[in-house]
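For reference, the structure is listed below as structure tokens.
Note that the coordinates shown come from a computational prediction; the quantities given were computed from them, not determined experimentally.
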Amino acid sequence: MAATGHVGKRLVELRLWRGMQARVVADLAGISPGYLSMLEAGERALNKRSTLEAIANALRVAPSELGALPTDTVLNPEVAEALGTLPDLEAALTDVEPREATVTPRPLDAVVAELDYADAELRPRSKIVEQMQIAPRLVREANSLYDAEPGRRGEVLEAIGRTYKLANVSSLALGARSVASLAASAMRDVTAELGPEWAGAVAFARNSALSAGGRERVLARATKTLDGLDKSEDRQRQVAGMLHLQSGLAAATLADGEGAREHVGEARNLARPGDEFGALAIGFGPDNVDFWAMAVEIELGEPGRAMSIADRAIPERHPSWSRQSAFHLDRARAQSSEKKYRKPAVWSLVRAEMLHPVSTRTSVWARSVTGDLLRTVKRDSPEGRELRGLGYRMGIAPS
């Protein structure tokens with residue numbers, strides 16, 4: 001069974017758009033022509049960030065382009081609605097300078113209450129459309145409060161920083177790295193005079209928005225920021241832990257297994273139960289360390305080790321559905337690499353979609369694994385039926 005609309009099809013479209021021969025793309029990406037051919041045919045899943053980024057670099061596009069759907073083929077209404085919110089957020093980030101008053105804002109306490117609601121309810125429950133809908137207004141209101149509340153400047157700056165953080169995380173969930181980068185840059189400008197934990201949060205946000213080829217910059221920026229954090233202070237410790245996890249994944253994409261696992265180990269040493277509800281709503285903690293450790297092992301080409309971590313992890317303990325979804329998606333990536341685990345991989349994908357529908361349907365990893373499984377899982381099996389439904393919602397049509 002073949003599938004149209006898988007990542008391989010998008011790869012072919014981009015290669016032909018560039019007017020490049022397959023062998024040239026393979027050579028530039030450092031992979032064999034045969035492997036590229038299998039990727040384009042949907043016969044192999046694209047499971048490693050380093051390969052994704054190498055191919056994207058060869059084609060001179062952002063990695064997200066390999067999983068992107070042209071807007072006229074987005075079938076799922078929720079995905080279309082989420083993508084439709086991006087222009088408003090980009091306009092707010094572009095048009096409003098940090099601390100610039102452009103609207104008459106609500107009182108600071110009302111803005112902070114809405115940010116608290118976003119952190120406690122919208123983000124943990126994967127309500128991406130609602131996040132994207134409130135973010136542009138919050139950007140305008142929070143910045144306008146700088147002049148409107150001169151006696152509470154420190155609180156206002158933190159509220160502005162949280163607003164830009166919300167914009168960064170929300171746009172990343174849709175693969176919109178350019179919008180996320182705008183938010184991270186603005187976040188850096190307004191939080192410079194706040195505590196060191198904000199320097200760590202900014203470094204994490206900027207690193208998350210980096211495109212292909214930026215892994216060395218991730219490591220350099222994280223290392224520099226980590227040196228300035230006091231690990232004995234809770235907020236700074238938690239941010240430091242997340243930077244170690246981010247550095248571990250970056251090292252893994254550079255094939256530095258020893259460095260990658262060392263960073264994960266440092267994060268594990270810093271993690272404490274209850275961190276998931278702690279500093280700046282970053283969701284650190286022992287369970288999140290396991291989630292990132294799985295992604296590191298997949299990137300290092302060790303799906304068996306990733307599945308061992310998955311077997312001992314308890315994703316439901318983490319309060320964020322989006323982080324739980326990432327766990328199940330990475331487990332599906334690991335499972336799909338071995339024939340005997342392909343049926344369980346389907347159910348991992350289904351669980352990931354249930355927890356974070358929009359992000360899963362637009363994820364290059366989910367689309368790649370789904371396209372690969374559609375080719376191999378029996379059509380009339382329960383797993384086949386689930387896959388066809390998932391493929392339909394992703395815009396991947398089985399044939």
Side-chain angles (χ1 to χ4, degrees), residues 53 56 61-65 85-103 105 111 115 118-119 123 128 131-132 134-147 153-229 235-236 239-240 242-243 246-247 249-250 279-282:
E53 293 181 351
V61 298
S64 57
E65 286 293 321
T85 62
L86 278 169
D88 287 343
L89 180 56
E90 185 172 16
L93 294 171
T94 303
D95 296 345
V96 179
E97 293 290 331
R99 305 179 186 83
E100 181 185 11
T102 58
V103 298
V111 172
L115 286 167
D119 284 341
R123 283 184 52 211
I128 187 66
Q131 292 174 57
M132 293 292 291
I134 69 171
R137 171 168 48 79
L138 285 171
V139 167
R140 293 183 171 91
E141 283 193 290
N143 281 292
S144 296
L145 282 167
Y146 189 77
D147 289 331
R153 286 275 168 82
E155 295 174 79
V156 170
L157 287 175
E158 183 139 340
I160 299 172
R162 292 177 63 189
T163 298
Y164 284 130
K165 182 173 175 291
L166 174 67
N168 172 267
V169 173
S170 301
S171 50
L172 282 174
L174 297 175
R177 291 184 181 274
S178 60
V179 179
S181 182
L182 285 173
S185 295
M187 181 177 164
R188 176 189 57 187
D189 291 343
V190 299
T191 61
E193 59 193 79
L194 299 178
E197 67 272 17
W198 274 102
V202 167
F204 187 87
R206 293 180 68 198
N207 284 345
S208 298
L210 281 176
S211 58
R215 299 307 175 188
E216 291 89 349
R217 291 171 61 196
V218 168
L219 289 169
R221 182 180 290 149
T223 299
K224 180 179 179 181
T225 308
L226 281 164
D227 288 341
L229 294 174
R235 283 162 62 105
Q236 296 182 51
V239 172
M242 291 303 296
L243 285 171
Q246 192 176 56
S247 297
L249 187 56
L280 305 180
I282 59 175

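- A distance of 8.0 Å separates OH of Y146 from CD1 of I160, quoted to the nearest 0.5 Å.
- Although no hydrogens or angles enter the test, the distance criterion places no donor-acceptor pair under 3.5 Å between the side chain of S181 and the main chain of R177.
- When the salt bridge (Lys or Arg N to Asp or Glu O under 4.0 Å) test is applied to R206, no partner is found at least two apart in sequence or on another chain.
- Listed by chain and number, the residues in a side-chain contact (heavy atoms from CB on, under 4.5 Å) with P196 are L229, Q236 (sequence neighbours excluded).
- Shown here are the side-chain contact (heavy atoms from CB on, under 4.5 Å) partners of L182, two or more places apart in sequence or in another chain: E90, L93, T94.
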Under 3.5 Å donor-acceptor pairs involving side-chain atoms of residues 219-227, not counting sequence neighbours:
from	atom 1	to	atom 2	distance (Å)
R221	NH1	N207	OD1	3.0
T223	OG1	L219	O	2.8
T225	OG1	R221	O	2.8

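- What you find for W198 and G161 is that their closest heavy atoms are CH2-C, 3.6 Å.
- The CG atom of L280 sits 11.0 Å away from the CE atom of M242 when rounded to the nearest 0.5 Å.
- Nearest heavy-atom pair across S208 and Q246 is OG-NE2, 3.1 Å.
- No side-chain heavy atom of R162 sits less than 4.5 Å from a side-chain heavy atom of L138.
- Two residues are said to be in side-chain contact when any heavy atoms from C-beta on lie closer than 4.5 Å; L166 and M132 fail this criterion.
- The minimum heavy-atom distance linking A180 with N168 is given by the pair O-ND2, 3.0 Å.
- A search for side-chain contact (heavy atoms from CB on, under 4.5 Å) contacts involving D95 returns A91, not counting sequence neighbours.
- Residues V190 and Y164 are in side-chain contact: their nearest non-hydrogen atoms beyond the backbone lie under 4.5 Å apart.
- Across every non-hydrogen atom of A118 and I134, the tightest pair is CB-CD1, 4.2 Å.
- Counting heavy atoms from C-beta outward, R153 and E193 have side chains that stay 4.5 Å or more apart.
- When all heavy atoms of A101 and S144 are compared, the closest pair comes out as CA-OG, 3.4 Å.
- With rounding to the nearest 0.5 angstrom, the OG1 atom of T102 is 7.5 Å from the CG atom of N143.
- Remark: L194 CG to E155 CD distance equals 11.5 Å, nearest 0.5 Å.
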*Working for side-chain contact (heavy atoms from CB on, under 4.5 Å), residues E97 and D189*: CA-CA 10 Å; E97 293 290 331; D189 291 343; over 6 Å; no
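- Evaluation of the side-chain contact (heavy atoms from CB on, under 4.5 Å) rule for A159 yields L108, V112, L115 as partners, not counting sequence neighbours.
- Across L157 and R99, no two heavy atoms sit closer than the pair CD2-NE, 3.9 Å.
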